2 protein chains.
Amino acid sequence: MSDSSSTSRDVTFLRLNSLPMLLEREIESMILDGRLSVGGRVNENQLAAAFGVSRGPVREALRSLEALGLVELLPNRGVFIRRLEIEQVIEVYGVRAALFGYAGKLLAQRGDPVVLARLRAMLDDMSAAAARHDFDRYYPLNFEFHDYVVASTGNSVLAAQYRGLVKQLRLYRAGNLMTGNTLELSNEEHARMVEAIAAGDAEAAFRACFDHVESGKERLLARSPAPASSAEPQEKSA
Amino acid sequence: MSDSSSTSRDVTFLRLNSLPMLLEREIESMILDGRLSVGGRVNENQLAAAFGVSRGPVREALRSLEALGLVELLPNRGVFIRRLEIEQVIEVYGVRAALFGYAGKLLAQRGDPVVLARLRAMLDDMSAAAARHDFDRYYPLNFEFHDYVVASTGNSVLAAQYRGLVKQLRLYRAGNLMTGNTLELSNEEHARMVEAIAAGDAEAAFRACFDHVESGKERLLARSPAPASSAEPQEKSA
DNA sequence: CGACATTAAATTGTTGACACTCTACAATCC
DNA sequence: GGATTGTAGAGTGTCAACAATTTAATGTCG
């Protein structure tokens, strides 16, 4: 069998992409992009028709997304895009802080100069964007910075858990945006993190990383309404 | 409306138990009990026949279990009970330590006397079992103790993540057992944890809880073979 | 005898159809 | 008129059959 043919490419493609997996990723991005509105209901028939497949694979994809905490399955009622209430956001932020702090600790203990150089480069980019109050540039850099911290620890479980939590946080009404000088404040915390990691001070790195996420939570809470007590997912249409 | 009828119970039962959810829980316990051997392959037809249902609901249940990290789905090849290699066990232990440390920190900060009393009671029970070297009694108490720590923080996300990791750890050949005086050593660490929580010392509580899990990892590594480099799931039959 | 191609069996992937449940609207009764 | 009951529609739950792929077995050639 000649493996250099286009068939080989298709095979490797299919090895990582079964139909339900593809649908899972596509629906996930539809949720994260806001194309499926939070709290709204998902229609299996519609979704299947839109992708040109039957309902079976769609249902499997939705089961995966349920386990990831992105949708909610109510028997005989349907699938709802999960809505995070402020109380749950607080819980997620706490766990995220614990994981991020652990990541900082690991990096400080390892002291990999390559990782450190990369972190400093990213920090410089963010500083430049922060100085210009260029939020549109800062935001993706900030995201990339955090993701690199957890990814470069080499602990794939840690990275996976962290990423899952970040995804869930987007289910809280889209207003996770920074305003005013929070941009600079945030970046000063980044600097402290990198500093502690560079110094190989595991304790300080943990605290800097942990506190950074906690500060983010505080900034979010500061401009959020008081915690309500409603918890039921609501039936509003997409 | 009178909700006290027996119908009401059935309704609430069905609200939380669709067929795929029931299957998911059943298959999960089959895995954790060892009735489905780690590394083995799962046959959809067999499983569906055993439960007297069709393959659809079974496949949905397996998708959920994949997201929980209990099985592995290889397109066109089948479903395999996930096998954890020692490297992954180490990673999971690390994350578990971070979460457990965070739980201890939260409990110390809260300082709930009811929780504290419960912890002390459990600690006493474990001490008694440890003194008698009664492992069969100690093991479930130990499990319950840890679970209560994360559950009583009130952070449901934290508890869910922690429990997921504990489940995954059972996918490493069943030898998570304690031997010799590790029982007493372990319980001394429990005492330190409770002490720090009682003192309201968040820092010390974090360290005690974190170190306790790390110690568990060390105890496990001490009697494990050297890390191999094979990672592929193997095809062994159930 | 071993390696390779071929064929058959077993298993997964996907579909369309049917049964059941829930929701919304209309008709009926008090 | 308001509440209740009945009924049609929409949508989910489950299944059995068919298609596609992989795996095992068989036969063939060097």
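A, B, ... follow the sequence lines: proteins, then strands. Residue 1 opens every chain. Note that this is a predicted model, so its numbers are computed, not measured.
A cation-pi arrangement is found for A:R118 relative to A:Y148, the charged atom lying closer than 6.0 Å to the ring centre and inside a 45° cone about the ring normal. B:F210 does not carry B:K105 over the face of its six-membered ring by the limits of under 6.0 Å from the centre and within 45° of the normal.
No salt bridge links B:E72 with B:R83; every basic N to acidic carboxylate O contact stays at or beyond 4.0 Å.
Aromatic ring orientation, A:H190 versus A:Y138: parallel (interplanar angle below 30°, classes split at 30° and 60°).
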Per-nucleotide protein contact string for nucleotides 12-17 of chain D, where B marks a base within reach and S marks sugar-phosphate only (heavy atoms under 4.0 Å, - for neither): BBBB--
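Residues satisfying the ring pair (Phe, Tyr, Trp, His ring centres under 6.0 Å) criterion with A:Y162, sequence neighbours excluded, are A:F100.
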